[in-house]
Amino acid sequence: MRRCLDLARLGKYDVAPNPMVGAVLVDESGTILAEGWHKKFGEAHAERDCIQNFEKSGCSIPYSACTLVVNLEPCSHWGHNPPCCDLIIEKGIKKVIVGCLDPNPLVAGQGLQKLQEAGIEVESNVLEQECKELNKRFLCLYEKKRPYITLKWAQTKDGFLDTIRTDSTHQPLVISTPLTKQLVHKLRAENMGIMVGTNTVVLDNPRLLNTHWCGHHPTRITVDCHHRISSQSRILSSEAPTIVYQTSDLPTILADLYDRKIHSILVEGGSRLLQSFIQAGLYDEIHIEESQQTLIQSGVPAPNIPLENVSATRLDGNYLIISKNGQ
Ligand code: AOF
Ligand code: ZN
């Protein structure tokens with residue numbers, strides 16, 4: 001299963017909103033005969049890729065002596081691909097070992113049921129926590145019917161996000177270092193969407209692209225209830241898609257993102273938008289960059305960090321990650 005997780009990760013920047021899935025075929029002694037993974041959205045699922053590689057290898061071991069290991073329940077529905085369950089049954093594979101269930105209502109337990117009804121031995125929930133952690137964004141979309149939400153901000157040593165600015169002629173305060181900037185761009189690559197409030201667009205005119213890590217640019221998301229965003233704003237450039245909402249109601253926005261299958265968003269500011277996500281309890285992770293030196297004495301206060309039901313990890317001296325307990 002650990003090998004499946006490693007293989008699954010190879011699809012990290014190319015499969016969203018699909019899950020990352022890896023599969024291995026092993027013989028009765030547990031020796032790996034073939035491997036596969038889901039490489040790109042819309043392309044072959046991990047199980048099919050693995051079986052194709054096994055057949056290409058010319059190995060003469062019969063399927064009836066093979067076990068397929070896969071980190072997600074094999075699908076039972078027709079999407080871009082035919083159901084993996086049908087392929088597994090058709091080949092006569094003896095046993096299937098699964099990491100975690102697929103919450104997609106088109107699958108949701110029906111995959112395992114179909115395999116069992118065909119007389120295949122099924123073992124499930126193997127390394128379940130690790131399998132769920134890998135696909136936390138995909139799982140969240142179906143389990144919570146909203147994207148996985150990561151809030152992110154940088155603050156001064158004395159707890160401010162920025163100086164008070166009223167127009168775009170004043171440059172924003174720079175707190176990030178080259179290293180943390182790269183970490184943030186990695187987060188942009190890992191999330192399907194990036195969201196900021198109206199003030200951030202008007203005052204900072206950010207591009208919100210991923211230029212310091214591999215992978216895609218996220219879909220840019222903002223709110224403009226009073227038509228304050230200029231048509232020349234950099235967020236509206238053709239480099240990446242942009243969604244502009246005319247409502248600031250978070251449940252309405254999140255429901256629309258769910259419909260669009262945007263499984264994850266990174267909220268990068270400003271303070272009012274971040275605080276409204278925190279107040280509504282709408283977050284899964286919070287990343288905070290704390291400057292070791294910068295003191296400004298007055299400015300825009302950083303949001304209040306929730307202290308209940310969360311655990312905190314320090315990546316290095318000044319990068320703090322807060323996660324909700326039980327995730
Ligand atoms: C699997 N193996 O490797 C993946 C699965 O449109 P499709 O056909 O690609 O189906 C996408 C759905 O299939 C996705 O939402 C998830 O439920 C499942 N993904 N299943 O058996 C895989 N990527
Ligand atoms: Zn499948």
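Everything numeric here is computed off the predicted structure, so don't read it as measured data. Just follow the structure's listing: the first ligand is 1, and inside any ligand the first atom is 1. Numbering of residues begins at 1 and proceeds along the displayed sequence.
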Examine the proximity of ligand 1 to [X] and report which part, side chain or backbone, both or neither, has a heavy atom under 4.0 Å away.
X: C75; result: both
X: D102; result: side chain
X: F138; result: side chain

At what distance is the nearest protein heavy atom to [atom], and which residue and atom is it?
atom: atom 2 (N) of ligand 1; answer: E47 OE1, 2.8 Å
atom: atom 15 (O) of ligand 1; answer: N104 ND2, 3.2 Å
atom: atom 9 (O) of ligand 1; answer: H45 NE2, 2.8 Å
atom: atom 11 (C) of ligand 1; answer: N18 OD1, 3.4 Å

Quiz item: Counting only heavy atoms not in K40, do more than 12 fall under 6.0 Å of its NZ?
Solution: no

Practice problem: Please state whether M20 comes within less than 4.0 angstrom of ligand 1, counting heavy atoms only. | Solution: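 In this structure, M20 fails to qualify as a contact of ligand 1 - no heavy atom is under 4.0 Å.
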
Practice problem: For E117 and Q113, test the side chains for any donor-to-acceptor distance below 3.5 angstrom and give the result as yes or no. | Solution: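 Checked: E117/Q113 side chains pair up, N/O donor to acceptor below 3.5 Å.
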
Quiz item: Using a distance-only test with no angle check, is there a side-chain donor-acceptor pair under 3.5 angstrom linking D224 and Y245?
Solution: no

Practice problem: Taking all heavy atoms of K324 and all of Y283, pick out the closest pair and write down the distance. | Solution: NZ-O, 3.1 Å

Is the closest basic N to carboxylate O distance between [X] and [Y] below 4.0 Å?
X: R137; Y: E285; answer: no
X: D86; Y: R48; answer: no
X: K39; Y: D14; answer: no
X: K157; Y: E290; answer: no
X: R2; Y: E130; answer: yes
X: E239; Y: R207; answer: yes

Self-check item: Nitrogen or oxygen of A46 less than 3.5 angstrom from that of ligand 1
Solution: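 Yes, A46 has an N/O under 3.5 Å of an N/O on ligand 1.
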
Practice problem: Check whether any N or O atom of E43, backbone or side chain, sits under 3.5 Å from an N or O atom of ligand 1, and answer yes or no. | Solution: no

Quiz item: Where the Zn ion (ligand 2) is the corner point, what angle links SG of C75 with ND1 of H45, to 10°?
Solution: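 Seen from the Zn ion (ligand 2), SG and ND1 are separated by roughly 110°.
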
Quiz item: Would you call the rings of H77 and H45 parallel, tilted or perpendicular, where under 30° means parallel and over 60° means perpendicular?
Solution: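 Ring orientation of H77 relative to H45: tilted.
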
For ligand 1, which atoms sit closer than 4.0 Å to a heavy atom of [X]?
X: H77; result: 10 (O), 12 (C), 13 (O)
X: G79; result: 6 (O), 8 (O)
X: P19; result: 14 (C), 16 (C), 19 (N), 23 (N)
X: C84; result: 21 (O)
X: V21; result: 3 (O), 4 (C), 22 (C), 23 (N)
X: H38; result: 3 (O), 23 (N)
X: P74; result: 21 (O)

Quiz item: Out of H80, K39, K261, K40, who gets a non-hydrogen atom closest to atom 8 (O) of ligand 1?
Solution: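 Looking at heavy atoms only, H80 sits closest to atom 8 (O) of ligand 1.
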
Quiz item: How long is the gap from CD1 on I322 to CD1 on I288, to the nearest 0.5 Å?
Solution: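 Between I322 CD1 and I288 CD1, I get 4.0 Å after rounding to 0.5 Å.
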
